[in-house]
Amino acid sequence: MTNTPWVWPAATVTRGIDGDSIVARLTRDIGFHGTVTFEQRLRLNRINTPPISTDPGEAAAVFTANTVGIVVDITTTKAYKYGDEWMAEVTLPGAVNVSDALVPAGLASYGD
């Protein structure tokens, strides 16, 4: 079974959970003159941040919390192996990928 990425343009980040997890409002046009809108917990793809109970983890959580209210493009790639989250690439306006912004800021490392 292959995972087909889903693209969610113009999604809105509604909550930061920790440095590598957020909640976003996703909307999909389902045809028949209708759309479906729901909130989904997402884990940032390709990175890990320190636990939120540490100073670096808290700094990473502040970084992702600063994305709340921003309209972003999201691509979900697969279900997360733990819990009810989906792995996602989150792209801010200006084509800045959140995962790729956290790493050079010293707030995350690459890995799954």
Side-chain angles (χ1 to χ4, degrees):
M1 181 169 127
T2 61
N3 291 306
T4 302
W6 281 69
V7 178
W8 306 91
T12 303
V13 178
T14 59
R15 183 166 57 104
I17 296 170
D18 58 23
D20 50 20
S21 296
I22 62 169
V23 175
R25 183 174 301 112
L26 308 175
T27 301
R28 170 75 62 192
D29 180 349
I30 59 169
F32 308 107
H33 307 291
T35 59
V36 174
T37 300
F38 60 97
E39 288 195 345
Q40 179 62 49
R41 188 172 165 142
L42 304 168
R43 181 167 167 83
L44 298 177
N45 202 29
R46 302 179 291 109
I47 64 162
N48 286 309
T49 60
I52 196 168
S53 60
T54 65
D55 288 342
E58 186 176 335
V62 168
F63 186 100
T64 54
N66 285 332
T67 66
V68 171
I70 296 177
V71 176
V72 297
D73 291 331
I74 293 175
T75 302
T76 52
T77 58
K78 63 182 178 180
Y80 183 46
K81 58 187 171 186
Y82 306 113
D84 184 31
E85 294 178 314
W86 284 85
M87 301 303 294
E89 296 290 341
V90 178
T91 306
L92 298 167
V96 175
N97 182 291
V98 176
S99 295
D100 293 329
L102 280 160
V103 173
L107 302 173
S109 58
Y110 287 114
D112 58 359

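Source: prediction; values computed, not measured. Any value given below was found using the heavy atoms of this structure, including those in side chains, with hydrogens, waters and symmetry copies removed.
Listed here is the closest heavy atom pair of Leu107 and Ala60: O-CB, 3.6 Å. Taking all atoms of both residues into account, the shortest heavy-atom contact from Val96 to Ala101 is CG1-CB, 4.0 Å. Closest of all the heavy-atom pairs between Ile47 and Ala108 is CD1-CB, 4.0 Å.
In terms of the side chain to side chain donor-acceptor pair (under 3.5 Å) criterion, residue partners of Glu89 (sequence neighbours excluded) are, by chain and number, Asn45, Arg46, Asn97. Scanning for side-chain contact (heavy atoms from CB on, under 4.5 Å) contacts around Val62 gives Asn66, with sequence neighbours left out. Thr37 meets the side chain to side chain donor-acceptor pair (under 3.5 Å) test with Thr27; sequence neighbours excluded. Contacts of Thr64 classified as side chain to side chain donor-acceptor pair (under 3.5 Å), with partners at least two apart in sequence or in another chain: none.
Note that OG1 of Thr91 and CG of Asp100 are 8.5 Å apart. Values are rounded to the nearest 0.5 Å. Leu44 CG to Leu102 CG: the interatomic distance, rounded to the nearest 0.5 Å, is 6.5 Å. Note that the CZ atom of Arg41 and the CD atom of Glu85 stand 4.0 Å from one another [nearest 0.5 Å]. The structure places OH of Tyr80 at 13.0 Å from CG of Leu42, a figure rounded to the nearest 0.5 Å.
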N/O donor to acceptor pairs below 3.5 angstrom from side-chain atoms of residues 6-17, sequence neighbours left out:
{"from": "Trp8", "atom 1": "NE1", "to": "Thr76", "atom 2": "OG1", "distance (Å)": "3.2"}
{"from": "Thr14", "atom 1": "OG1", "to": "Val23", "atom 2": "O", "distance (Å)": "3.2"}
{"from": "Thr14", "atom 1": "OG1", "to": "Glu39", "atom 2": "OE2", "distance (Å)": "3.4"}

Pairs under 3.5 angstrom only: tabulate donor-acceptor contacts from the side chains of residues 50-59 to other protein residues two or more places apart or in another chain.
{"from": "Thr54", "atom 1": "OG1", "to": "Pro51", "atom 2": "O", "distance (Å)": "2.7"}
{"from": "Thr54", "atom 1": "OG1", "to": "Gly57", "atom 2": "N", "distance (Å)": "3.1"}

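Inter-residue side-chain proximity for Ile22 and Val90 is flagged as met; some heavy-atom pair is nearer than 4.5 Å. Side-chain contact check for Asp20 versus Asn48: some heavy-atom pair is nearer than 4.5 Å.
Heavy atoms from other residues, nucleotides or ligands lying under 6.0 Å from CG of Asp84 number 12 at most. Around atom CZ of Phe38, more than 12 heavy atoms belonging to other residues, nucleotides or ligands sit under 6.0 Å away.
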>> For a side chain to side chain contact (heavy atoms under 4.5 Å, CB included) check, start with the C-alpha distance between Ile74 and Leu26, then their side-chain angles and the critical distance, and finish with the verdict.
In response: CA-CA 9 Å; Ile74 293 175; Leu26 308 175; 3.9 Å; yes
